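Beneath this line is the structure, given in structure tokens, with notes to follow.
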Number of protein chains: 2
Amino acid sequence: MDKPKNYELRAMHATLCQAIADPTRIALLYELGDGRKHVSQLVGSLQLPQATVSRHLKILRDRSLVATEREGTFVYYSLVYPEVLAALDIMRSVMHTNLSEQSSLANAIYFTQGEG
Amino acid sequence: MDKPKNYELRAMHATLCQAIADPTRIALLYELGDGRKHVSQLVGSLQLPQATVSRHLKILRDRSLVATEREGTFVYYSLVYPEVLAALDIMRSVMHTNLSEQSSLANAIYFTQGEG
DNA sequence: AGAATATATCCGCATTTCCGAATATTAGAA
DNA sequence: TTCTAATATTCGGAAATGCGGATATATTCT
């Protein structure tokens, strides 16, 4: 029993990565990077329907990326693993590098053709 | 023009994260962490149909996470941004922490009930 | 109990993603 | 050119995912 366990672990790894692979959830995670916030606050900052925000929060909660504390009628959400933001930052910097390299490439082609 | 641009960036960020949110692609990225490999080698190590491997490689290539060099009939793939593995490592360690905490919790419940 | 507020879940529908067999393309050898 | 090996792409269908209005649940206040 080695192959199946590796496969399962990889599937879980992917499931966890998938949790952070959505624009709304990325926004939620960065919002929570500032500290805990309740649902209404998150709805306010993301400007999305409450059902949408709750649905995404549930996805993060199911994967233990966020934790909840109820206070009266409010439910506060907070990051369980702030390192997740570091992972997101890496991917974001890769994206930016990519973007600038693409535009450099575009310029290179443009000027090369322009000069002939 | 600020909201729309932020939205676009977040969408791109998510698209990039989605590239790493699949078990096959995670396996591919870690395989390439050892150095460049051609498709047949990857098919050999992952034990998946060639079409499947090529399809996933295309997804990584489209997002510039891997680059290709042709040598004869072989096409070698390599990582463009090895930092991506660091991001994957973070998520993996979060997963492991989660797993051990879940089993601690399971034990705690088990023993608590056992002692009653 | 009844009203009000905050949050979670349900539902139907549209879109995306994945799979793998089959097929197309590419490069080198005969 | 024809054959062969390596890789890429296409196709149809199954499964997963996202959306947001409507509704359910939970908590507090009166």
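Computed from a predicted structure; not experimentally measured. By convention in this document, chain letters (A, B, ...) are assigned in the order of the sequence lines, proteins followed by strands, and residues within each chain are numbered from 1.
Counting only residues at least two apart or in different chains, salt bridge (charged side-chain N to carboxylate O under 4.0 Å, His left out) contacts with residues 47-58 of chain B comprise B/Lys58-B/Asp62. For residues 44-54 of chain B, no residue pair satisfies the salt bridge (charged side-chain N to carboxylate O under 4.0 Å, His left out) rule, not counting sequence neighbours. For residues 37-77 of chain B, the ring-ring contact (aromatic ring centres under 6.0 Å, His included) pairs, not counting sequence neighbours, are B/His38-B/Phe74, B/His38-B/Tyr76. The list of side-chain hydrogen bond (donor to acceptor under 3.5 Å, both in side chains) pairs with a residue in residues 63-72 of chain A, not counting sequence neighbours, reads A/Arg36-A/Glu69, A/Arg36-A/Glu71. Listed by first and then second residue, the salt bridge (charged side-chain N to carboxylate O under 4.0 Å, His left out) pairs involving residues 23-35 of chain A are A/Glu31-A/Lys37, A/Asp34-A/Lys37 (not counting sequence neighbours).
Proximity of A/Leu28 to A/Val66: side-chain heavy atoms (C-beta onward) are nowhere separated by under 4.5 Å. Within the 4.5 Å cutoff, the side chain of A/Leu9 has heavy atoms near those of the B/Met95 side chain. Counting heavy atoms from C-beta on, the side chains of A/Met12 and A/Leu16 never come closer than 4.5 Å. Residues B/Leu32 and B/Leu60 are not in side-chain contact: their nearest non-hydrogen atoms beyond the backbone lie 4.5 Å or more apart.
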Shorter than 3.5 Å, N or O on both sides, protein versus nucleotides 11-18 of chain C: list them out with atom names.
unit_1 : atom_1 : unit_2  : atom_2 : d
C/dT17 : OP1    : B/Gln18 : NE2    : 3.1
C/dC18 : OP1    : B/Asp22 : OD2    : 3.4
C/dC18 : OP1    : B/Arg25 : NH1    : 3.4
C/dC18 : OP1    : B/Arg25 : NH2    : 3.2

Using atom names, set out every protein N or O paired with an N or O of nucleotides 22-30 of chain C below 3.5 Å, distance rounded to 0.1 Å.
none

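Every residue two or more places apart in sequence or in another chain that forms a side chain to side chain contact (heavy atoms under 4.5 Å, CB included) with B/Val80 is listed here: B/Ala67. Take B/Ser54 and apply the side-chain hydrogen bond (donor to acceptor under 3.5 Å, both in side chains) test, not counting sequence neighbours, and it matches B/Gln50.
Taking atom CZ on A/Arg61 and atom C1' on C/dA8, their separation rounds to 8 Å, with Å as the unit. In this entry the distance linking CZ of A/Phe74 with P of C/dA8 reads 12 Å, nearest Å. Summarising the geometry, the separation between CG on A/Leu48 and C1' on C/dT7 is reported as 16 Å, rounded to the nearest angstrom.
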Donor-acceptor contacts under 3.5 Å from residues 81-90 of chain B side chains, at least two apart:
unit_1  : atom_1 : unit_2  : atom_2 : d
B/Tyr81 : OH     : A/Asn98 : OD1    : 3.1
B/Asp89 : OD1    : B/Tyr30 : OH     : 2.7
B/Asp89 : OD1    : B/Arg92 : NH2    : 3.1

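A/Val43 approaches A/Leu48 most closely through the heavy-atom pair CG1-O, 3.3 Å.
A nucleotide of DNA chain D counts as in contact with chain A when one of its atoms lies under 4.0 Å from a heavy atom; the first and last such, 5' to 3', are D/dT17 to D/dT28.
Of the residues in residues 26-40 of chain B, B/His38, B/Val39, B/Ser40 come within less than 4.0 Å of DNA chain D through at least one heavy atom, sorted by number.
Among the atoms of the strands shown, none is found under 4.0 Å from any heavy atom of A/Tyr76.
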